[in-house]
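A quick write-up on the structure given underneath.
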Amino acid sequence: MPLFNMLSAFIRSLFALWALFLCIADIISAVMAVIRKNRRFTLLAVFLFIPVYFMWQVIFDFSLFGKTEKAVKVTDILCGLSLTIWLVAFIVLTLATVLLLKANIQYEKNIITPNAIKLFLDKVPCGICCWCDNGKVIFSNICMDSLCNAITKEQLMNGIDFCNKVADGIFTVNDKIWHFSCRDFIMDNESLHEMTASDISAEYAKTQALEKDKEELSQLKQKLDEYYLNLDDTVRRQEILQAKVRIHDEMNKLLLSATNVNGKDTDKLNDILSLCEKNAFLLCREADETENANILSSINELADTLKIKLIWQNEMPPKLTQAQRDLFFSAAKEAVINAVKHANAKTLSISFAETEENIICSFTNNGTRKSTEFTGGLKNLSVLAGEQGVSVSVNADKNFTLSLYYPKNQPFG
């Protein structure tokens, strides 16, 4: 093999260019290692750079001075070596440089470095910022920088100032809803502060939809409450209508009976006319009742109209709910009407008693009725009572008594 100094200027120039590329590669490796704070790779890059640069300098000196007295002795010695030695040295240095550059690149991909963390946090969809006690920003990703610029119209330079403006708040930026939150932590015996900004647009929209649904449900509940409040009045009106129908039917029967009675039988005619008069009073009373706000007063007025005396043995227990009171008023009216209509009673006694299990309301008349069958108004009353868990009973041993048993352990209303 020829000596290196016997090569043409062109071949020596190629070796010089080769050495220059190796120098650049070693510099790149050293810079990458310094950025990643990898001392081992930094020392290896410097170790490879020194011989490569020295060989490039030797070729450069030989190209300037050649074999003259001005040439450095080291240049003459190295250039007098065989081409094989030069090739082996360049190949070894090239392989080492390539392996070091590859190791630097792999280190970026496989090892968590500050730069890798920065690249990752710049890609996350939330804003992150950290600062010291004096407000100096240690780290902030691209998202937080853009949010700071959009909200304050300034760059993120002081973490304390930015935190005071947005901490634990909600802001709208670029048609998105952002929630800012802060926390303090200690790392390496140093107190640090962190603020995150989360995109809650989807959650905010769902919350708004839930609030809207809640409002609609509240309105629906209000309507249902009003419906249930008016339900008793509706049932009462239906009962009144049914009572009117029954009274009309009875009056028709009385009129038919009057036509078949002998004109000389004045007593029977008087009885029929008396019943017709009572039924007429009942119709007028039921018509007026729908407009009477004071139900208790209406019962007394009904009794006065039908010429039956009400005797209140004691006051209504305050424990009764409004629904239970309404049931009592319905039963009182039915008792007054039945006492006059079916028993020709003159008095109706209303009393309340209390046991361990029930509150008992009793209606006792001094009439002649002995039947205990649940028909007509009593049947309707028992149906209404059953919906509230109230039982209804009648007793006709001495006087006709209608009783309501309100359970204490099952309030309704």
Side-chain angles (χ1 to χ4, degrees), residues 235-251 253-254 257 270-290 292 294-316 320 324-353 359-385 390-406:
V235 174
R236 189 180 298 111
R237 287 194 294 267
Q238 290 178 348
E239 291 179 351
I240 292 172
L241 181 60
Q242 293 175 358
K244 290 180 179 180
V245 172
R246 292 197 303 271
I247 293 170
H248 278 292
D249 291 341
E250 291 182 7
M251 290 187 69
K253 293 178 181 179
L254 291 173
S257 298
N270 288 333
D271 291 339
I272 293 174
L273 290 175
S274 177
L275 290 175
C276 288
E277 182 181 6
K278 291 180 180 180
N279 285 334
F281 277 125
L282 287 174
L283 285 175
C284 295
R285 181 64 214 126
E286 297 291 356
D288 293 338
E289 187 182 16
T290 60
N292 196 331
N294 193 332
I295 303 178
L296 185 58
S297 176
S298 68
I299 295 174
N300 292 324
E301 293 176 7
L302 177 62
D304 293 340
T305 302
L306 298 178
K307 296 180 175 57
I308 182 172
K309 182 179 180 180
L310 290 182
I311 301 175
W312 294 82
Q313 300 292 343
N314 44 22
E315 295 181 355
M316 184 184 303
L320 296 181
Q324 292 171 338
R325 289 172 180 266
D326 293 340
L327 180 62
F328 163 75
F329 292 135
S330 298
K333 288 182 289 184
E334 187 67 24
V336 171
I337 295 173
N338 285 339
V340 174
K341 185 177 179 181
H342 300 293
N344 293 320
K346 300 300 179 181
T347 62
L348 178 66
S349 176
I350 302 176
S351 63
F352 297 91
I359 296 176
I360 305 172
C361 171
S362 300
F363 303 89
T364 304
N365 65 63
N366 63 349
T368 59
R369 176 174 178 173
K370 300 301 181 181
S371 174
T372 60
E373 296 180 358
F374 283 80
T375 59
L378 288 179
K379 183 178 180 181
N380 294 331
L381 180 64
S382 64
V383 172
L384 292 176
V390 179
S391 59
V392 181
S393 68
V394 294
N395 188 349
D397 292 339
K398 295 181 180 180
N399 296 315
F400 184 88
T401 301
L402 171 67
S403 300
L404 301 178
Y405 291 82
Y406 294 97

Rounded to the nearest 0.5 angstrom, the CG-CG distance for Asn365 and Asn344 is 10.0 Å

Item to complete: Report yes if some heavy atom in the side chain of Leu381 is under 4.5 Å from a heavy atom in the side chain of Leu402; otherwise report no.
Response: yes

Phe352 meets the ring-ring contact (aromatic ring centres under 6.0 Å, His included) criterion, sequence neighbours left out, with Phe328

By side chain to side chain donor-acceptor pair (under 3.5 Å), Ser351 pairs with (sequence neighbours left out) none

Separation between OH (Tyr406) and CZ (Arg325), nearest 0.5 Å, reads 10.0 Å

* Indicate whether the side chain of Thr364 and that of Asn399 have a donor and an acceptor atom separated by less than 3.5 Å. => no

So CD1 of Ile308 and CG of Leu348: to nearest 0.5 Å the spacing works out to 5.0 Å

So OH of Tyr405 and CD1 of Ile360: to nearest 0.5 Å the spacing works out to 5.0 Å

**Request:** Answer yes or no: is there a side-chain heavy-atom contact under 4.5 Å between Leu320 and Leu327?
**Result:** no

The residue among Leu404, Leu384, Ile359 that forms side-chain contact (heavy atoms from CB on, under 4.5 Å) with Val390 is Leu404

When every non-hydrogen atom of Ser382 is compared with those of Val392, the smallest separation belongs to CA-CG2, 4.1 Å

Output for pair (Asn395 CG, Phe400 CZ), nearest 0.5 Å, gives 9.0 Å

Tightest non-hydrogen contact, residues Ala303 and Val336, listed as CA-CG1, 4.2 Å

